[in-house]
Amino acid sequence: MSSQEKAAGWLNNLDRLVRVRNEIATLLEAIAQNLTKAESQAENTSGKLGLSQEIERLIQQSENLRQGVFRFLVLGDMKRGKSTFLNALLGQNLLPSDVTPCTALLTVLKYGTTEKVTIYYNDKKQPEELDFQQFKQRYTIDVEEAKILEGVKRLAFPDISHAVVEHPLPLLAKGIEFVDSPGLNDTEARNQLTLDYIYNCHAILFVLSASQPCTLDERRYLQNYLKDRGLTIFFIVNGWDRVRDGIVDPEDTEELQLAEEKLRQVLQANLAEYCQDRGRDIYQKRVFELSALNALRTRLKNSEASLEGTGFVEFLASLNHFLTGERAAAEREQARSIALQACHRFQGAISRRIPLLDETVDQLKNKIDSIQSEFASLSKIGNQFQQEIRTVRDRNVQEISDSFRTYILDLENTFEEDFLSNQPDLDFMQFLDKNNRGMFYGSFKLAFERYMNDRLSAWEFIAKQKIASAFSELEEKAVDFRVEYEQVVEAMNKKLLGYRFYAVGHSYKPEEISTWAEVVIDMFSFIPDKLNRGIYSFSMFWQSVLSCVMVTLVLNIIRVIFASLTLSVLGGILVFAGAVALQAEYVRQQFISTTKKEFVKHLPQIADEQSQYICEAVRKCFDTYEEQVYDRVTADINSRKAELDSLLVQKQFREIDIQAETKRLKDLEVDILSQLQQIEFLGGFL
């Protein structure tokens with residue numbers, strides 16, 4: 001199938017994907033209903049099996065599949081054509097994309113039965129609904145105004161959080177959402193809302209300009225916020241048709257090819273490292289040469305027209321593969337794994353229940369008493385693993401905190417060299433002009449913020465490698481604890497069941513007995529949604545924790561430094577410089593020297609005070625992991641105890657029809673296994 005055919009059929013593929021997701025969600029609900037039925041009927045038969053946790057996970061996963069969306073964050077600097085690109089993708093001139101104005105709000109584009117825009121405020125003010133025309137008029141600004149606001153570190157609409165645009169477009173109806181950002185923000189603001197969306201999106205559409213590719217700000221943003229975070233990034237090189245405008249003779253085919261090849265080399269050199277998947281080079285699947293304006297014009301004239309030659313055909317084909325292939329495979333595996341674990345848990349429970357039905361009350365009591373030491377051993381193993389987590393936590397908290405302190409103190413030795421790369425546009429002679437001094441001071445502060453962001457991002461990368469290594473260590477240790485835990489479970493089952501086979505045709509199958517340790521091994525894949533919003537793994541949770549604390553550190557450090565580095569302090573340069581101050585290089589040297597002295601003076605304070613944020617962030621990562629382990633160990637032990645206690649209670653109060661109860665449980669098992677097989681079958685269509 002050609003790229004053209006793949007791109008043309010991607011809406012149909014999304015339709016099929018949504019349909020299959022709903023069918024799998026229905027099957028997960030059916031398994032949950034069967035388990036619920038097993039528990040409710042058990043109240044009048046042999047007692048509950050302790051399946052509440054499995055039921056809850058099945059229902060949660062079913063809801064995730066039904067409500068799940070594919071959310072894309074559109075990033076890029078001002079005037080890269082982000083809104084034009086989105087409009088072309090949607091086939092409608094929905095977002096402001098005129099020649100002059102630019103989007104001034106972070107805008108979430110999602111499906112709605114009616115067209116409307118809702119403005120959300122930062123304070124307690126109620127959200128406001130607007131029509132599209134009002135939105136375009138009120139919340140787009142001139143690009144020159146945007147540049148001025150950026151220079152003085154002001155937001156165009158500081159009281160507004162974001163806007164939500166709802167529209168009944170076919171693409172949005174497939175569960176696709178887009179988040180359009182105003183522009184890159186690599187400064188003090190380090191827009192927390194945008195960072196939240198980075199960790200709550202399936203992929204990022206990073207829009208570059210063919211006329212000005214891979215600028216310093218773009219490279220800095222990629223390096224500081226997107227590198228090594230496990231994010232899927234599609235690079236949209238917009239305005240590719242304008243490459244022709246930059247050559248002397250637009251009709252010279254050879255010159256055009258040469259210009260395009262040079263541009264591709266620049267892109268390859270800067271973007272290749274972000275296009276790797278487990279060691280595989282996927283550059284061709286992630287970087288696309290687009291002409292969004294041409295595509296938009298074509299689609300507005302004829303929504304069914306071919307987009308050949310605009311780059312959209314190739315891009316849509318790759319996006320189609322990502323959504324219906326890579327993402328669908330991940331969803332399928334998660335749904336399948338949860339269903340499989342629930343089935344194994346049910347099979348393990350009835351494997352123990354059926355053989356115990358013909359035991360007398362006294363016999364059952366004796367057996368339960370005989371395994372109390374094993375229950376104690378299970379708790380002990382769980383406690384030992386918890387202690388192992390705490391040991392690894394404390395060691396890493398200390399080592400990472402110490403490395404931060406050492407790193408901060410060492411900034412004195414590299415300040416001049418590192419800072420120079422963050423202030424290439426500073427005009428130090430502006431400082432001599434009273435009228436321009438305020439603007440210069442704002443630009444200087446911006447350069448310092450960039451310097452701190454770069455330095456802390458470099459350290460953050462080292463810290464995250466350390467934490468990743470620590471969690472890999474714990475994952476390996478979990479395997480050892482699992483083996484020990486399973487041995488105790490096996491000993492319990494031998495005491496309860498022996499090796500007997502039963503006339504009902506059921507026997508104990510140790511390979512079907514689920515333990516908490518299986519879940520611990522999969523901890524990174526199935527951490528609760530409250531930590532990662534159901535999109536990324538636990539590793540994304542702890543990465544976001546550390547990234548957020550980096551924001552706090554930058555803000556704190558800037559506040560400490562610039563509390564004393566005021567205009568009046570820096571004004572001393574003029575007094576000291578005298579006549580020589582008219583020399584720009586002298587002013588630059590004195591200015592940086594003064595800044596360094598002030599910076600170095602505060603470094604010990606910064607190292608001591610800010611390291612506590614590091615400690616708290618790293619500790620939170622491990623404590624959250626420990627909490628999950630504790631909850632699951634406790635749930636497993638309690639469910640096993642409840643399973644036996646409920647049977648004992650029922651035996652004490654009623655005569656159990658062994659044959660009928662066995663049939664009831666076996667019939668439920670057949671139904672559940674049938675539903676599991678259907679999930680396996682449907683998974684082949686994702």
Side-chain angles (χ1 to χ4, degrees), residues 1-14 72 74 76 79-95 97-99 169-171 174 176 178 180 203-214 233-268 270-272 275 282-325:
M1 183 182 294
S2 68
S3 294
Q4 176 80 24
E5 292 171 322
K6 289 180 181 178
W10 84 304
L11 284 181
N12 292 331
N13 289 337
L14 287 175
F72 294 93
V74 183
K79 303 310 295 177
R80 293 300 186 259
K82 297 189 297 299
S83 297
T84 302
F85 160 72
L86 272 178
N87 286 336
L89 192 60
L90 296 168
Q92 190 164 132
N93 200 15
L94 189 62
L95 296 172
S97 60
D98 297 331
V99 176
L169 285 170
L171 177 58
K174 312 302 181 188
I176 305 291
F178 296 99
D180 185 19
I204 291 170
L205 307 178
F206 200 100
V207 183
L208 302 163
S209 170
S211 304
Q212 195 180 9
C214 305
I233 308 174
F234 290 89
F235 291 98
I236 311 301
V237 187
N238 195 20
W240 194 264
D241 53 307
R242 293 198 293 270
V243 175
R244 182 185 298 273
D245 299 335
I247 61 178
V248 176
D249 182 3
E251 303 303 321
D252 188 333
T253 304
E254 185 176 339
E255 186 181 0
L256 176 61
Q257 290 178 345
L258 182 61
E260 289 182 334
E261 185 55 36
K262 287 182 178 180
L263 178 54
R264 291 186 180 110
Q265 290 175 2
V266 171
L267 294 168
Q268 178 87 32
N270 287 282
L271 305 181
C275 303
I282 56 172
Y283 185 87
Q284 299 302 322
K285 296 179 180 180
R286 293 292 183 264
V287 181
F288 299 92
E289 304 163 359
L290 265 63
S291 301
L293 186 57
N294 288 345
L296 177 59
R297 288 168 175 166
T298 300
R299 295 201 68 181
L300 290 179
K301 290 179 182 178
N302 180 4
S303 61
E304 301 300 323
S306 169
L307 295 178
E308 196 74 48
T310 66
F312 268 80
V313 172
E314 296 76 11
F315 169 66
L316 290 177
S318 186
L319 197 61
N320 176 31
H321 180 267
F322 172 72
L323 290 175
T324 61

Checking Leu319 against Phe72 for the side chain to side chain contact (heavy atoms under 4.5 Å, CB included) test, could you report, in this order, the C-alpha distance in whole Å, the side-chain angles of both residues, the deciding distance, and whether it holds?
CA-CA 11 Å; Leu319 197 61; Phe72 294 93; 3.7 Å; yes
Residues Leu316, Leu89; criterion side chain to side chain contact (heavy atoms under 4.5 Å, CB included); working and verdict:
CA-CA 9 Å; Leu316 290 177; Leu89 192 60; 3.4 Å; yes
Could you go through the side chain to side chain contact (heavy atoms under 4.5 Å, CB included) check for Leu90 and Phe178 one step at a time?
CA-CA 10 Å; Leu90 296 168; Phe178 296 99; 4.1 Å; yes
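Listed by chain and residue number, nothing satisfies the side-chain hydrogen bond (donor to acceptor under 3.5 Å, both in side chains) test with Gln268 (two or more places apart in sequence, or in another chain). Residues satisfying the salt bridge (Lys or Arg N to Asp or Glu O under 4.0 Å) test with Lys174, not counting sequence neighbours, are Asp15. Partners of Arg286 by salt bridge (Lys or Arg N to Asp or Glu O under 4.0 Å), not counting sequence neighbours, listed by chain and number: Glu326. Residues passing the ring pair (Phe, Tyr, Trp, His ring centres under 6.0 Å) test with Phe315, sequence neighbours excluded: Phe85, Phe288.
Judged by distance alone, with hydrogens and angles left aside, the side-chain atoms of Thr298 form no donor-acceptor pair with the main-chain N or O of Leu307 at under 3.5 Å. In terms of modelled atom types and a separation under 3.5 Å, the side chain of Arg80 and the main chain of Val207 share no donor-acceptor contact.
Here the shortest heavy-atom pairing between Tyr283 and Cys275 reads CA-CB, 3.7 Å. Listed here is the closest heavy atom pair of Arg242 and Ser211: NE-OG, 3.8 Å. Glu308 and Val313 make their closest contact through N-CG2, 3.7 Å (heavy atoms, listed as atom of the first residue, atom of the second, distance). Nearest heavy-atom pair, Pro213 versus Leu263, reported as atom, atom and distance to 0.1 Å: CG-CD1, 3.3 Å.
Rounded to the nearest 0.5 angstrom, Asp180 CG and Ser83 OG are separated by 4.0 Å. Taken to the nearest 0.5 Å, the CG atom of Leu267 stands 7.0 Å off from the CG atom of Leu208. Interatomic distance, Ile176 CD1 to Leu169 CG, rounded to the nearest 0.5 Å: 12.0 Å.
Using cut-offs of 30° and 60° for the angle between ring planes, the Phe322 and Phe234 rings count as perpendicular.
Atom CD of Gln284 has 12 or fewer neighbouring heavy atoms from other residues, nucleotides or ligands inside a 6.0 Å radius.
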Using distance only, find each side-chain donor-acceptor pair of residues 248-259 under 3.5 Å and give its atom names and separation, not counting sequence neighbours.
unit_1: Asp249; atom_1: OD1; unit_2: Glu251; atom_2: N; d: 3.0
unit_1: Asp252; atom_1: OD1; unit_2: Glu254; atom_2: N; d: 3.1
unit_1: Asp252; atom_1: OD1; unit_2: Glu255; atom_2: N; d: 3.1
unit_1: Glu255; atom_1: OE2; unit_2: Val248; atom_2: N; d: 3.3

Side-chain donor-acceptor pairs under 3.5 Å in residues 289-297, sequence neighbours left out?
unit_1: Glu289; atom_1: OE1; unit_2: Arg264; atom_2: NH2; d: 3.1
unit_1: Glu289; atom_1: OE2; unit_2: Arg264; atom_2: NE; d: 2.6
unit_1: Ser291; atom_1: OG; unit_2: Asp241; atom_2: N; d: 3.3
unit_1: Ser291; atom_1: OG; unit_2: Asp241; atom_2: OD1; d: 3.0

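Contact check for Leu205 versus Phe235: no side-chain heavy atoms found under the 4.5 Å cut-off.
Between the side chains of Asn238 and Ser209, not a single donor N or O lies within less than 3.5 Å of an accepting N or O.
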